[in-house]
Amino acid sequence: ASMTSNERKPTMATPFNKQSFTQRLEAMGDEAEGEYERHNTHWVRYGLNRPDFPVHHLPDVVRYTPDYLQGPPNQRLVEVLGTGRNGVKLKLEKIAALAVWNTMMPVWLWIWSTPKQDFTEILYADLVRIINKEDVPLGKFSEGKAYFNVRPSLLRWAADGG
């Protein structure tokens, strides 16, 4: 089949910064979860992993069930996040839901930075302390949900001895 003048042959996958928000979030999340699994032991998937049904009607505490349950010696719930150069965007409703989980068992956030190719892990309470103490800006996603944007410089990365 011949191409007409207004058709363009795709030369490569869409660059990351040109992908939709959903595509970018999924890619960062997949990479981050793969790195978490590679760097940790004694874990099982725990939270929802993109089910094939809408989740926006579920209670936030169910929707934001931490991604992993990790057994001894760490014995913790782990929420895995991916981040780019501009920092971790943490939805307010996720922070509130993780507060509930944190009453049952320690919740840790395990954060993978794609640009740094490095990770950090932080107790939920310590992350909330950073949000409360530092100048952490509040933003809004295109669909209207508010988030705190935690700069990478506020976190202690593994390569830096964190």
Side-chain angles (χ1 to χ4, degrees), residues 13-14 16 19-132 136 139 141-143 145-162:
T14 309
F16 189 74
Q19 293 175 12
S20 74
F21 171 74
T22 306
Q23 289 172 311
R24 288 182 305 194
L25 204 62
E26 286 180 9
M28 272 198 318
D30 289 345
E31 180 184 350
E33 288 175 356
E35 291 298 330
Y36 167 80
E37 293 175 5
R38 199 166 67 78
H39 286 89
N40 288 275
T41 58
H42 307 295
W43 52 262
V44 292
R45 282 291 319 188
Y46 195 63
L48 298 173
N49 190 13
R50 281 191 232 109
D52 63 356
F53 57 87
V55 296
H56 62 279
H57 292 300
L58 293 174
D60 286 349
V61 173
V62 173
R63 236 166 98 193
Y64 296 116
T65 299
D67 297 310
Y68 294 91
L69 170 62
Q70 195 167 1
N74 296 327
Q75 200 139 323
R76 61 189 183 166
L77 293 168
V78 182
E79 178 63 19
V80 175
L81 301 166
T83 184
R85 216 166 265 104
N86 299 325
V88 180
K89 293 180 175 165
L90 201 53
K91 290 180 188 170
L92 272 60
E93 61 189 29
K94 180 183 271 194
I95 293 169
L98 291 177
V100 175
W101 286 101
N102 197 54
T103 64
M104 294 177 252
M105 204 171 166
V107 172
W108 284 76
L109 291 104
W110 197 94
I111 304 164
W112 176 256
S113 169
T114 300
K116 290 178 179 288
Q117 290 292 292
D118 196 8
F119 70 92
T120 185
E121 50 187 11
I122 185 169
L123 261 170
Y124 168 81
D126 291 339
L127 186 65
V128 169
R129 212 168 288 118
I130 288 172
I131 289 169
N132 288 332
V136 176
F141 285 117
S142 55
E143 86 280 1
K145 295 192 188 245
Y147 65 84
F148 280 111
N149 190 19
V150 182
R151 298 183 307 285
S153 60
L154 294 174
L155 303 169
R156 295 180 52 203
W157 298 92
D160 302 330

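This is a predicted model, so every value here is computed, not measured.
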Of all heavy-atom pairs between [X] and [Y], which one has the smallest distance, and what is that distance?
{"X": "Val61", "Y": "Trp101", "result": "O-NE1, 2.9 Å"}
{"X": "Tyr124", "Y": "Asn102", "result": "CD2-ND2, 3.6 Å"}
{"X": "Pro152", "Y": "Gly87", "result": "CD-CA, 3.5 Å"}
{"X": "Leu98", "Y": "Tyr64", "result": "CD2-O, 3.7 Å"}
{"X": "Thr83", "Y": "Pro115", "result": "O-CD, 3.6 Å"}
{"X": "Ala159", "Y": "Asp118", "result": "N-OD2, 2.9 Å"}

So do the side chains of [X] and [Y] get within less than 4.5 Å of each other, counting heavy atoms only?
{"X": "Leu58", "Y": "Leu48", "value": "yes"}
{"X": "Trp112", "Y": "Tyr36", "value": "no"}
{"X": "Glu33", "Y": "Asp67", "value": "yes"}
{"X": "Met105", "Y": "Leu69", "value": "yes"}
{"X": "Leu109", "Y": "Glu121", "value": "no"}
{"X": "Ile130", "Y": "Ile122", "value": "yes"}
{"X": "Arg45", "Y": "Glu37", "value": "yes"}
{"X": "Leu81", "Y": "Lys94", "value": "yes"}

_Check: Ser113 side chain, Gln117 main-chain N or O, donor-acceptor pair, under 3.5 Å_ = no
*Taking Glu79 for the side chain and Val107 for the main chain, is one N or O donor matched with an acceptor at less than 3.5 Å?*
no
_Heavy atoms from other residues, nucleotides or ligands near OH of Tyr46 exceed 12 (cutoff 6.0 Å)_ = no
*Ring geometry between Trp43 and Tyr68 (parallel below 30°, tilted from 30 to 60°, perpendicular above 60°)*: perpendicular
*List the steps, then state whether side chain to side chain contact (heavy atoms under 4.5 Å, CB included) holds for Gln70 with Gln75.*
CA-CA 5 Å; Gln70 195 167 1; Gln75 200 139 323; over 6 Å; no
*Is the gap between the ring centers of Trp110 and Phe119 under 6.0 Å?*
yes
*Salt-bridge test for Lys91 and Asp60: reply yes if a basic N is under 4.0 Å from a carboxylate O, no otherwise.*
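Result for this pair is no, no salt bridge flagged.
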*Sort out for me which residue in Val136, Leu155, Ile95 forms a side-chain contact (heavy atoms from CB on, under 4.5 Å) with Leu127.*
Leu155
*asked:* Rounded to the nearest 0.5 Å, what separates atom CZ in Arg85 from atom NZ in Lys116?
replied: 10.5 Å
